[in-house]
Engineer: 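So that we are looking at the same thing, I have put the structure below in structure tokens.
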There are 2 protein chains.
Amino acid sequence: MPTSSNISAGYRRLTEHGIKPSLQRLAIMDYLMEHRTHPTVDAIYSELSPSMPTLSRTTVYNTLKLLVDKGAVLQITIDEKNCRYDAATEPHSHFRCIGCGSVEDLSIAPPMISPALLGGREITDTELYLLGYCPSCAATRRKG
Amino acid sequence: MPTSSNISAGYRRLTEHGIKPSLQRLAIMDYLMEHRTHPTVDAIYSELSPSMPTLSRTTVYNTLKLLVDKGAVLQITIDEKNCRYDAATEPHSHFRCIGCGSVEDLSIAPPMISPALLGGREITDTELYLLGYCPSCAATRRKG
DNA sequence: TTTAAAATTGTAATTATTACAAATCTGATG
DNA sequence: CATCAGATTTGTAATAATTACAATTTTAAA
């Protein structure tokens with residue numbers, strides 16, 4: 001069933017943030033909005049590369065930097081190995097399994113911090129990261 | 001004024017966590033307990049190297065990995081460039097200025113999440129990261 | 001068309017981290 | 001004290017993530 005418009009959610013997100021929607025930017029933005037997997041740069045590149053053979057890894061880096069700078073996507077640093085990217089807009093938190101490395105959303109809004117506790121700092125982003133074992137890894141640990 | 005004992009806080013922290021207190025481990029642990037600056041590997045190496053000329057960067061990496069694995073210090077991933085380390089034990093949060101890059105403690109306990117919201121995940125660590133502008137960088141931005 | 005600016009690309013460089021084998025240290029034992 | 005095994009440290013080389021940068025391509029205005 002076709003939607004009422006072929007202007008993608010990614011297109012809207014880009015233009016809303018003052019980003020010119022080139023083919024590459026659109027592909028990356030759409031990918032992030034359709035795959036809430038907190039992908040790494042390499043994951044995005046590997047996924048898009050087949051259907052966009054001229055895509056360069058550098059473009060993925062450049063684009064993600066632009067998207068983050070313009071506030072169109074969020075950079076997640078829960079994984080010390082490499083950055084991950086998230087296009088979700090609702091307040092939520094992240095969980096990383098220290099067994100298998102998966103990163104998942106939790107629908108838990110990070111706490112709102114009262115200005116009194118912030119000593120004049122201006123907060124632009126609040127990230128709540130939970131680390132531990134996913135159900136499957138927790139079970140494995142208990143058994144063998 | 002001498003204290004009642006020359007066994008350092010670092011020594012105690014190491015042995016409490018089942019870590020044999022070698023000279024290098026002790027120096028690193030003491031450094032972390034005396035400098036609550038969330039130093040990077042390189043900062044620790046650069047600070048200790050003069051008074052411990054044979055110290056190797058690899059040893060700093062090895063030791064921090066050991067300390068983190070044994071739960072003697074915390075690894076902070078608020079800075080996407082490199083890991084930082086924290087020996088504080090009281091529940092607290094971290095702030096990073098996106099202007100100047102400084103990382104500071106905030107005496108705000110991360111929220112306790114009810115098991116019902118965690119879907120069988122076992123949480124071992126909760127990190128609350130606030131990003132924004134420190135008072136000085138905020139002022140600079142407003143003016144020029 | 002022409003042209004200038006913006007965007008993309010590929011390569012090379014840089015930086016953080018890890019792998020690993022050799023050297024050194026430690027502490028127990030004869 | 002001398003020996004020895006295991007643990008620890010060290011330096012170098014390898015890997016991985018990211019950035020710098022110059023050349024090419026695309027875009028869109030004149």
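Computed from a predicted model, the values in this text were never measured in an experiment. Chain A is the first sequence line, chain B the second, and so forth, proteins listed ahead of strands; every chain is numbered from 1.
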Engineer: To the closest 0.5 Å, what do you measure between CG (B:Leu130) and CD1 (B:Ile78)?
Structural biologist: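 So the CG of B:Leu130 and the CD1 of B:Ile78 are separated by 7.0 Å.
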
Engineer: Specify the separation, in whole Å, of atom CG of A:Leu64 and atom C1' of D:dT19.
Structural biologist: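 That distance rounds to 14 Å.
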
Engineer: For A:Asn62, report the nucleic acid contact type (base, sugar-phosphate, nothing); a contact means any heavy atom under 4.0 Å.
Structural biologist: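 Here A:Asn62 touches the bases of the nucleic acid.
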
Engineer: Under 4.0 Å from OP1 or OP2 of C:dT9: is there any side-chain N or O of A:Thr59 that close?
Structural biologist: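 Result: yes.
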
Engineer: Provide, to the nearest angstrom, the distance between the NZ atom belonging to A:Lys70 and the C1' atom belonging to C:dA6.
Structural biologist: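 About 13 Å, once rounded to whole Å.
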
Engineer: Using a cut-off of strictly less than 4.0 Å, decide whether A:Gln24 has a side-chain nitrogen or oxygen near OP1 or OP2 of D:dT26.
Structural biologist: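 So the side-chain polar atoms of A:Gln24 never come under 4.0 Å of the phosphate oxygens OP1 or OP2 of D:dT26.
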
Engineer: Report yes or no: does B:Arg25 contribute a side-chain atom to a donor-acceptor pair with the main-chain N or O of B:Ser22 at less than 3.5 Å?
Structural biologist: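 Absent.
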
Engineer: Within this structure, what is the CG-to-C1' distance between A:Asn82 and D:dT18, rounded to whole angstrom?
Structural biologist: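 So the CG-C1' distance, A:Asn82 to D:dT18, works out to 10 Å.
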
Engineer: For a quick check, tell me whether the side chain of A:Thr58 and the base of C:dT11 share a donor-acceptor pair closer than 3.5 Å.
Structural biologist: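 Counting by modelled atom types and ignoring angles, a donor-acceptor contact under 3.5 Å is found here.
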
Engineer: Start at the 5' end of DNA chain C and walk down; is the nucleotide closest to A:Thr63 or to B:Asp42 reached first?
Structural biologist: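 Result of the comparison: A:Thr63.
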
Engineer: Please report the distance, rounded to the nearest Å, between NZ in B:Lys65 and C1' in D:dT10.
Structural biologist: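 So the NZ-C1' distance, B:Lys65 to D:dT10, works out to 18 Å.
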
Engineer: Classify the nucleic acid contact of B:Ser22 as base, sugar-phosphate or nothing, counting any heavy atom under 4.0 Å across all strands shown.
Structural biologist: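 Sugar-phosphate contact only - B:Ser22 comes under 4.0 Å of backbone atoms but never of a base.
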
Engineer: Rounded to whole angstroms, how far apart are CD1 on B:Ile44 and P on C:dA16?
Structural biologist: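 In whole Å, C:dA16 P and B:Ile44 CD1 are 14 Å from each other.
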
Engineer: Using a 4.5 Å cut-off on heavy atoms from C-beta on, say whether the side chain of B:Leu128 contacts that of A:Ile113.
Structural biologist: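 Side chain of A:Ile113 against side chain of B:Leu128, heavy atoms only: contact under 4.5 Å found.
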
Engineer: Using a strict 4.0 Å threshold on nitrogen-to-oxygen distance, state whether B:Arg96 and A:Glu127 make a salt bridge.
Structural biologist: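 A salt bridge is absent here (no side-chain N lies under 4.0 Å from a carboxylate O).
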
Engineer: Looking at every strand, decide which applies to A:Thr40 at a 4.0 Å heavy-atom threshold: base, sugar-phosphate, or nothing.
Structural biologist: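 No contact.
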
Engineer: The side chain of B:Tyr61 is closest to which nucleotide in this list: C:dT17, D:dT18, C:dT9?
Structural biologist: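 Of the options given, the side chain of B:Tyr61 lies nearest C:dT17.
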
Engineer: Return the value, rounded to whole Å, for the distance between atom CG of B:Asp69 and atom P of D:dT8.
Structural biologist: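 Checked: the CG to P distance equals 13 Å.
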
Engineer: Between B:Arg25 and B:Arg57, just flag the one whose closest nucleotide in DNA chain D comes earlier from the 5' side.
Structural biologist: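 Between the two, 5'-proximity favours B:Arg25.
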
Engineer: Quick check against the 3.5 Å criterion: does A:Arg13 have a side-chain atom that pairs as donor or acceptor with the backbone of A:Ala87?
Structural biologist: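 Yes, A:Arg13 side chain to A:Ala87 backbone: donor-acceptor pair under 3.5 Å.
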
Engineer: In whole angstrom, give the distance that lies between atom NZ of A:Lys20 and atom P of C:dA5.
Structural biologist: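 Roughly 13 Å, once rounded to whole Å.
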
Engineer: Measure CD1/B:Ile19 against P/D:dA7 and give the value in whole Å, please.
Structural biologist: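 Result: 16 Å.
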
Engineer: Need to verify one output field. Residue with the more 5' nearest nucleotide on DNA chain D, A:Cys83 or B:Leu55?
Structural biologist: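 Residue closer to the 5' terminus by nearest nucleotide: B:Leu55.
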
